[in-house]
Structures are given as structure tokens and as C-alpha cells.
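Okay, structure first, notes after.
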Amino acid sequence: MSPVATTAKAHSEPSQLINPFYSPSVGDDGDATYPHAQLKPFFPDVTWEPLAELTVEDRGLHADPLKKSLLGAATRVKNLTPVIGTELEGIDLRQLTPQQKDELALLVAERGVVFLRDQNIDIHQQLDLARHFGPLHKHATTPIPKNGLEEVHVVYNDASRRPEPSAFSKLELWHSDVTYEIQPPSTTSLKLLTGPEVGGDTLWSSGYALYSSLSPGFQKYLEGLTALHSAVAQAEGARSAGLTVRRKEIETIHPVVRVHPATGWKSVYVNPGFTRRIVGVPKAESDAILSFLFHQISENPDHQVRFKWETNSIAFWDNRVVTHSATFDFWPATRHALRATPHGERPLSVQEYEEKTGKVAKDRQIEIWRQQGVDVNGLHNGANGLQKKRGYND
Ligand SMILES: O=C(O)CCC(=O)C(=O)O
Ligand SMILES: [Fe+2]
């Protein structure tokens, strides 16, 4: 018999509702021919202690800023948009040296998300690579593989249940992973094992670009704020689907603008999936600010990249500086992917970063223009500065 209760629903996050897009987890029956049957979703009936404080030092801090060893080994380095997303060709992730792994961490930190195709790295090797970036996170509610690897988060959908798209909004699906944790994830990877011929793309949105798009007064205002991130709805969604919540749900307050330890760039750190309110301001103000930021995350195409997966594609994203959202347009096809999720540092506000490092935190866009020799005087940021000169809506 399958170890998975037939009523259990395979789901990834966020599951604020019982997510209709996630199909029931089926047992081994009929799976004999599926090569990844042992990696299909399974919900262990176990519980874990609260997470202890972890020592984490970002590997990007150890990297050559020019990333010569990694980029020199690639046959092609293709930026997919100016602000987010790079595809690397000619690299075999199984062959990376420690130096190249550090450079990959820095590249992901700078570009938000990095894609590689045709990677034969298996899940054990993917976990080992992830461990280079930090101690691995175990998710409290999403499925692990049937083979029992507790540090793997399984993404799985198939024909057995038809999605009901009207049940929740697309905005709610945008998230950064498990931001309610005290030390939320850093350089996270997802590898696609099986996917539809077309559809099932994933989108990422840059928190650096969102920060850069705001006016100086608003940037300063956000830099002084903190927000509450909550695991409660996700845990309740799991319980009402009959699943065991493996670690007690928590709520954590993080800065609204955090600084990436390796790039020193400021990034907006709220997300529709898990951020519930801004602390210490009237509720109406919190609702308005979060709604504005959430809509910028989900609707501003200038901040986004969209990836079309193939079997053996892998994405590395830095959960500290991007949000992401899957699409669910591929039913009845099967889509199966595995995630490895290192813990990062406790998020640092601008003030904390500057006090700790003695450095000044930067606006990514201004910094890049400065490097390109652009006269940035009077340009408080990218989009707004240029639009002012050009006129709106021309
Ligand atoms: O299915 C996807 O493309 C992404 C799912 C997701 O949000 C995750 O694995 O973190
Ligand atoms: Fe996610």
C-alpha cells in the first residue's frame, strides 16, 4: 500500500487556501514505468523541533568579483533581461570546483536567478551543492520524496485532478520561500525531472529592481520598517488537507528592505505569500503599502523574468532578493521538480548592514549605471529618473 493517505494532497507553497492546483498524491500503483517513482511526493507523519540558530556565512563573499573561473568555463553567458535572470551554457554542475561554486553564489546574488539546461546532476549531488551555500532547510508541510530525503521539497502535479483556477488569485501565488523562518533561504535550486511540452513556466521578480524603481523618500520610509511573515495559513492549509505539520508554525518580523551580504545591494523583502502586515503603522497604511508592493512584484514586467523549463533544466534563485510564482496552465500533463533550500543569514536591515560591515548599502541600478560611466547625478533611480526626462506614457 502507498504510504500516502489517499486523501492527502501534494502541494507546494504557498498553501493559504487548500490549493486547487496541486493534484492528489498517488501511490506507487501504476508507477512501475515512471523513472522517478521514488521521488514522487510523500508526507511523512513525523514532527521536528523548532529550528536552532545556524551559523551562515555567504559563499558569495569568498568569490572573485569578476567570477572568472565560472564564467570562463561557460560557453555562453546570456542575460535574459537587464535586471534579472542569466542563462549559463557549457557548464556541468557536477564538475564545479569550490571556487566556481562560490562564484555561482555571487552570480545568483547579482542576477537574482540563474538557469542551466541539460544538467545530469542527481538529487544527492544537488543537495551536496546546496550544502556548499548553507545548512539545508526542511520544509514543515510540503512533500518530501518517497525515498525519505527530508531536505528535499517535491513539486508535483499530474492529470489526476483538474485545477480550478477561480479558487484563488494569481497575486497570492507570488512568494519568496518560507520567509517566516528566522533565517530564510538563500541560494535555492529547483531541477525539473518531468514537465509538459509547453506551459508550467516559472516567473521571478527582482526585489532590487523594485527598490530601485521607488522615489528616494519612499525608499527611506521603507528602510525604517519591519513586517510580519507568517507560517500560520500554510500550516492550517496542510492540517485541513489531513496532513501532519512537521514543525510548529512560527511568525517572524523581518526588515522591509534587506541588504544582500555579498552584493551590498538593497532589496524589498515582502511577498504576497507570507508577509501579513507592516509592524507599528496603522492597519490601513500597512494594507495600502503592502498592496502597492505586492502589485509591483506581480504586475511590473520590467522587474520580471519568465523561464521555460525543459527536462533537466535547473534554476538557482536567491530567495533574499527575488520573489517567484509558478504557472498552472499545463493540466493534464505531469510536472515534477525537486528543490534544495539552504538557510541564509537572519535578514539585515540597511542600518544593521551598515553598522556590521562599515560599508554603505547601495541601490543596484545606480551602482550599475555608475560602473557603466553614466552620469547618475540627479538620477535618484533608474525607471523614475529616465521617465521624468522623457515624459510619462510617451
Ligand atoms: O513549480 C515551480 O516552478 C516553483 C514552485 C515553488 O514555488 C518552489 O518550489 O519554491
Ligand atoms: Fe517557492
Side-chain angles (χ1 to χ4, degrees), residues 9-17 19-23 36 39-41 85 108 112-117 123 126-127 130 136-145 149 151-158 163 168 170-181 184-196 198-205 207 229 231 233-234 237-238 269-275 297-298 304-331 333-344:
K9 293 176 184 63
H11 64 142
S12 80
E13 59 189 320
S15 62
Q16 298 170 41
L17 309 163
N19 192 330
F21 282 121
Y22 298 109
S23 51
H36 307 298
L39 298 169
K40 287 184 74 170
V108 177
V113 55
V114 170
F115 307 104
L116 301 100
R117 297 184 189 272
I123 185 56
Q126 185 182 342
L127 289 172
L136 296 188
H137 178 256
K138 296 200 291 187
H139 203 293
T141 59
T142 61
I144 69 163
L149 289 172
E151 291 160 328
V152 178
H153 155 99
V154 180
V155 174
Y156 183 85
N157 292 276
D158 67 18
F168 63 97
K170 282 282 152 186
L171 187 135
E172 288 167 313
L173 280 180
W174 279 91
H175 65 284
S176 170
D177 296 318
V178 297
T179 58
Y180 45 75
E181 301 292 14
S186 58
T187 317
T188 305
S189 60
L190 185 72
K191 178 177 164 176
L192 192 89
L193 305 180
T194 306
V198 62
D201 298 353
T202 307
L203 290 88
W204 283 263
S205 185
H229 297 245
Q234 188 175 60
Y269 192 64
V270 295
N271 70 88
F274 300 117
T275 312
I297 287 169
S298 66
Q304 295 174 358
V305 67
R306 177 172 182 139
F307 185 61
K308 296 189 187 307
W309 299 86
E310 296 170 290
T311 299
N312 292 341
S313 296
I314 187 164
F316 289 84
W317 65 94
D318 195 319
N319 260 312
R320 296 169 286 195
V321 298
V322 295
T323 46
H324 58 281
S325 183
T327 54
F328 294 94
D329 51 2
F330 54 87
W331 186 85
T334 296
R335 184 172 180 277
H336 190 185
L338 303 178
R339 191 181 88 195
T341 316
H343 282 276

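First listed ligand is number 1; within each ligand, the first listed atom is number 1.
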- Message: Test of understanding: given a 4.0 Å heavy-atom threshold, classify the contact between Trp317 and ligand 1 as side chain, backbone, both, or neither.
- Response: side chain
- May I ask you to check whether Phe115 and Trp317 place their ring centres under 6.0 Å from each other? no
- Query: Taking the N/O/S atoms of His324 one by one, which is nearest to the Fe ion (ligand 2)?
  - Reply: NE2
- Message: Thr327: which residues meet the side chain to side chain donor-acceptor pair (under 3.5 Å) condition with it, sequence neighbours left out?
- Response: none
- Note on the structure: For OD1 in Asp177 and NE2 in His175, the angle at the Fe ion (ligand 2) (nearest 10°) is 100°
- Message: Between His324 and Thr202, do the side chains contain a donor N or O and an acceptor N or O under 3.5 Å apart?
- Response: no
- Message: Please enumerate all residues that pass ring pair (Phe, Tyr, Trp, His ring centres under 6.0 Å) together with His336, with sequence neighbours excluded.
- Response: Tyr34, Tyr156
- Task: Examine the side chains of Asp177 and Thr341 and answer whether a donor and an acceptor come within less than 3.5 Å of each other.
- Result: no
- Report yes if His153 has an N/O atom closer than 3.5 Å to an N/O atom of ligand 1; otherwise report no. yes
- Of all the atoms in ligand 1, which lie at a distance below 4.0 Å from a heavy atom belonging to Thr202? 2 (C), 3 (O)
- Item | Contact atoms of ligand 1, heavy-atom distance to Val155 under 4.0 Å | 1 (O), 9 (O)
- Task: Would you tell me whether His137 and Glu181 have side-chain atoms, one donor and one acceptor, within less than 3.5 Å of each other?
- Result: yes
- Task: Heavy-atom distances under 4.0 Å are what count here, so tell me which part of Asp177 touches ligand 1: side chain, backbone, both or neither.
- Result: side chain
- The atoms of ligand 1 lying under 4.0 Å from a heavy atom of His175, numbered in the order shown, are 7 (O)
